[in-house]
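Since the structure comes first, as structure tokens, the remarks are kept for the end.
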Amino acid sequence: MTQPHPSHNVARDLDAADPLTTWRGRFHYPDAPATIYLTGNSLGLQPRSARGAVEARMAEWDALGVRGWHETDWMATEGDLAASMAGIVGARPGEVAVGSTLTGNLHRLMASFYRPADGRTRILMEADAFPSDQYAVASQVRWHGLDPAAEIVAVPGGDTAFDQAVAEHGPHLALVLLAGINYYTGRVYDMRSIAASTRAAGAVMGLDLAHAAGNVKLALHDWDVDFAAWCGYKYLNGGPGAPAAFFVHERHHTATTPRLAGWWGHDPATRFQMPDEFSPAPGAAGWQISTPSILSLAPLTASLAMFDELGMDRLSERSQRMTDFLATLVGERLAGAVEIVTPPERGAQLSLRVRGGRGTYDRLSALGVVCDWREPDVIRAAPVPLYNTFSEIAEFVELLSASLPDPGKNVAD
Ligand SMILES: Cc1ncc(COP(=O)(O)O)c(C=O)c1O
């Protein structure tokens with residue numbers, strides 16, 4: 001019988017030493033132990049408490065009908081979740097609201113904060129931004145009767161490239177819309193520095209935090225970001241298509257900030273008096289539009305309770321150790337066959353360019369690893385500190401090694 005690689009013993013000791021290893025039991029884990037799930041960057045696993053949370057809402061609806069709005073905590077749910085979200089993204093109370101979807105929220109925030117005028121018309125974004133952001137931004141530019149080809153500046157490269165582009169386009173710049181973490185490479189941008197140069201240039205700073213919220217520590221208020229939006233279904237484990245959330249810096253919390261309005265953004269003190277004139281709720285809640293989806297919010301409530309309990313400091317400390325462990329093992333054992341695309345500025349996710357391309361990915365999947373493939377040649381794998389273990393990471397590297405077509409040949413061959 002072959003001896004297990006020593007990394008398995010190291011992993012076992014690391015798991016034994018960390019009390020958070022047992023938190024995995026708080027999640028449903030698809031086909032455990034036959035699979036290794038490393039795709040929390042795409043869809044987080046289901047907290048075991050989620051089903052009960054949904055069923056409790058179903059029972060309230062069943063028993064109370066419309067009285068549920070007044071005789072349960074339905075009305076308070078969004079605010080409670082917004083408070084938890086504020087802790088996750090480093091916002092002040094009142095700077096976060098929950099609901100709708102990520103791209104939908106980017107649109108509503110750009111309606112407020114992309115207002116091309118006085119020669120400031122351009123938008124800077126990453127060259128390889130997630131397609132939905134590219135479509136949303138181009139359509140916003142067209143909405144204002146402008147030409148995306150002239151107004152959108154796609155910046156390749158990292159933080160320095162952004163700082164330079166901000167300096168170059170400064171007087172023409174209306175908005176910088178940046179992902180906190182690039183979905184493809186897993187790079188964490190220096191959001192604080194880019195926000196500072198953007199605001200110094202007189203432009204607005206917006207963030208898409210789909211891959212950052214619940215993954216890395218954020219300080220949106222202190223970084224002076226103007227607005228941000230993120231989804232609830234990746235690291236936040238709210239379920240497929242879960243309600244999203246957004247941030248509006250408190251300096252914009254004035255009734256005169258233009259916005260797309262709906263009755264749910266109206267001041268709750270007078271909402272049910274049904275006044276003709278819109279008067280925004282204080283804070284980011286003044287950007288809400290519609291009745292909250294109480295059933296859809298339930299799994300998010302179950303998941304965010306864990307974030308409240310743990311805190312982002314502890315979570316991110318474990319996350320860094322896990323991803324460092326993965327990077328070290330890949331470097332030591334698979335150098336030449338697997339290239340780590342992700343720079344050292346990273347959260348949970350590593351993007352791996354593998355020799356053998358899609359074939360390697362398919363073999364890995366057949367061995368029970370759930371990670372994802374991004375064209376043309378990258379596997380994304382994200383150990384999630386809430387439910388993955390060091391032992392799984394060691395096993396993943398073993399299985400990746402076994403999936404390579406011809407160990408020993410260089411990835412560039
Ligand atoms: C970076 C980023 N932005 C936007 C989206 C689109 O999100 P939604 O479909 O929830 O609007 C995604 C989805 O994965 C994403 O990763």
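For ligands, and for the atoms within them, numbers begin at 1 and follow the listed sequence. As a basis for the values below, the full set of heavy atoms in this structure was taken, side chains included, without hydrogen atoms, waters or symmetry mates.
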| Is a side-chain donor or acceptor of Arg115 paired with a backbone partner of Ala111 at a separation under 3.5 angstrom? | yes

| note | Per the under 4.0 Å non-hydrogen criterion, ligand 1 touches Leu102, Thr103, Phe130, Asp133, Asp208, Ala210, His211, Tyr233, Lys234

For residues 144-156, please give each side-chain donor-acceptor pair under 3.5 Å, one per line with the distance, not counting sequence neighbours.
residue, atom, partner, partner atom, Å
His144, NE2, Tyr114, O, 3.3
Asp147, OD1, Ala149, N, 3.0
Glu151, OE1, Thr121, OG1, 2.7

For residues 31-41, please give each side-chain donor-acceptor pair under 3.5 Å, one per line with the distance, not counting sequence neighbours.
residue, atom, partner, partner atom, Å
Thr35, OG1, Pro30, O, 2.5
Tyr37, OH, Leu43, O, 2.6
Thr39, OG1, Val370, O, 2.6

| task | State, yes or no, whether a side-chain contact exists between Tyr189 and Ile194 at a heavy-atom distance under 4.5 Å. | result |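 Yes, close enough: below the 4.5 Å cut-off.
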
| field | Partner residues of Asp372 under the salt bridge (Lys or Arg N to Asp or Glu O under 4.0 Å) criterion, sequence neighbours left out | value |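 Asp372 satisfies salt bridge (Lys or Arg N to Asp or Glu O under 4.0 Å) with Arg374, Arg380 once adjacent residues are dropped.
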
| field | Pair Asp324-Gln320, side-chain donor/acceptor within less than 3.5 Å | value |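 No, no side-chain donor-acceptor pair sits under 3.5 Å.
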
